[in-house]
Amino acid sequence: MKPGICVILGIAAIAAGAIFWGALREKNEEPQKNSPVTVPVEKHEKSSFPDQEKDTLLIPESSPPVQCDNSTVEFIVTQANSGPFKKRILALNDLPDDLSQRDCQVLLDYLHAGENTSREYGIKNDIMNKLRDQKELHPELLNTLLRLAEDPRENIVVRSYAVQHLRPLFEVTKDARIKQIYEQLLQEKSEVSGCALLALRYLSGVYPAEFSGEAIAAQSMALAATPEAQLGARVSAVQTAASLGYGDLSLLRSLAWEEDTSLALRIAAIAALGQLADHDSKAWLEETSSRKGPLRQAAQTALRRLESK
């Protein structure tokens, strides 16, 4: 046989072998229709705190992949980068209210391990809603939300969502740890402190024996008086105290009148003075409502509320 023909035949044989083995590998890798869906475990991101590593809700990297019973759950938690956001949201909302324990656990793990982007915040919030709407609450739902809420190393938006979802869970479980975590978060003086106050304000109206409005207002005023506290938390604190009918009027006047106070906090304090009918502020409110400026409308509204009482 001529050398040229040998080379051609050799190349053809190699190509045929590659095609055969490629087809065989694809056949072997094709999942069975009724087999569980394998979800890749998210690699845990290193904490932004140099000396601390997140250790809550972690799946060890050496553990086997998590198994899903529902393929839609797999689609939701693995398509953060490539999957269409709208389809994932719709698929999430269409999940049944009787998910398996395994699927619920996959969704719970995603709250911690999933990416934190503006889109994923919406996904995570809806996951919390879906898990709360299950016919039978997963035994780790409450523990997971408590850990997310209290861990300062967690993403602040996810923590805030967890704080908000704990409130309706209290109405179902009456678990005393929820009240404890809310009171603990007030000491943090961050955005989640404001979320905790809003939850406490609501609960004080429904369960006044367990949540004292006067005590919550006092905690609110303490937070409002703390300069180093996050601005949104201080604004929520003023609003919470006023809505409960309590407030340190001297502090509120100081916050409203001092020009060094941030505009948002001054407006909240002005509204509180009107809501609490502080007649000692009437002259200042009248003067402020007659001048042009960002406080004018707030002062006019407060003055009307004060005069109506």
Is the distance from the ring center of F170 to that of Y207 below 6.0 Å?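 Judged by ring-centre distance (under 6.0 Å), F170 and Y207 do meet the cut-off.
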
Determine whether [X] and [Y] make a side-chain contact, defined as any pair of heavy atoms from C-beta on separated by less than 4.5 Å.
X	Y	answer
V206	F211	no
Q180	Q184	no
T173	I178	yes
T240	L223	no
S220	Y246	no
L249	D280	no

Might you work through the side chain to side chain contact (heavy atoms under 4.5 Å, CB included) test for N125 and H165, ending with a clear yes or no? CA-CA 9 Å; N125 183 54; H165 284 275; 2.8 Å; yes

Does R167 make a cation-pi contact with Y202, if we ask for NZ or CZ under 6.0 Å from the ring centre and within 45° of the axis?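 Yes, cation above the ring, under 6.0 Å and within 45°.
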
Does the pair [X]/[Y] count as a salt bridge with the N-to-O cut at 4.0 Å?
X	Y	value
K124	E120	no
E140	R147	yes
E188	R159	yes

Please evaluate residues L276 and L306 with respect to the criterion side chain to side chain contact (heavy atoms under 4.5 Å, CB included), reporting the C-alpha separation (whole Å), side-chain torsions for both, the decisive distance (0.1 Å), and the verdict. CA-CA 8 Å; L276 296 172; L306 187 154; over 6 Å; no

Inter-residue atom distance [X].[atom1] - [Y].[atom2], 0.5 Å rounding:
X	Y	atom1	atom2	value
T144	L108	OG1	CG	4.5 Å
R177	L145	CZ	CG	11.0 Å
Y161	Y121	OH	OH	8.5 Å
E307	H279	CD	NE2	9.0 Å
S236	L197	OG	CG	7.0 Å
H112	E154	NE2	CD	5.0 Å

Going through the checks in order, is the side chain to side chain contact (heavy atoms under 4.5 Å, CB included) test met by L255 and I270? CA-CA 8 Å; L255 293 175; I270 290 171; over 6 Å; no

Sidechain-backbone polar pair: [X] side chain, [Y] backbone, donor-acceptor under 3.5 Å:
X	Y	answer
R234	T226	yes
S193	L185	yes
Q134	E136	no
K130	N93	yes
D103	D69	yes

Quick one: closest heavy-atom pair of [X] and [Y], and the distance?
X	Y	value
L285	L303	CB-CD1, 4.0 Å
Q230	A233	OE1-N, 2.8 Å
V238	A272	CG1-CB, 3.9 Å
S289	Q300	O-NE2, 3.1 Å
L244	A217	CD1-N, 4.0 Å
F75	R88	CE2-CG, 3.5 Å

Does [atom1] belonging to [X] count more than 12 external heavy atoms closer than 6.0 Å?
X	atom1	value
K174	NZ	yes
E210	CD	yes
E259	CD	no

With distance as the sole criterion, is a donor-acceptor pair present between the side chains of R102 and N70 under 3.5 Å?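 N70 and R102 do not have a side-chain donor-acceptor pair below 3.5 Å.
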
With a 4.5 Å cut-off on side-chain heavy-atom distances among I, L, V, M, F, W and Y, is there a chain of contacts connecting [X] to [Y]?
X	Y	answer
I216	L198	no
V158	L92	yes
V163	L141	yes
L200	L146	yes
I127	L90	no

Consider salt bridge (charged side-chain N to carboxylate O under 4.0 Å, His left out). Of R305, R253, K309, which one does D278 pass it with?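 In the set R305, R253, K309, the residue that makes a salt bridge (charged side-chain N to carboxylate O under 4.0 Å, His left out) with D278 is R253.
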
Could you walk me through whether R296 and R291 pass side chain to side chain contact (heavy atoms under 4.5 Å, CB included), step by step? CA-CA 6 Å; R296 183 177 184 179; R291 294 198 309 262; over 6 Å; no

Scan V73, V77, I76 and name whichever one has a side chain to side chain contact (heavy atoms under 4.5 Å, CB included) with Y110.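 Looking at V73, V77, I76, the match for Y110 under the side chain to side chain contact (heavy atoms under 4.5 Å, CB included) is V77.
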
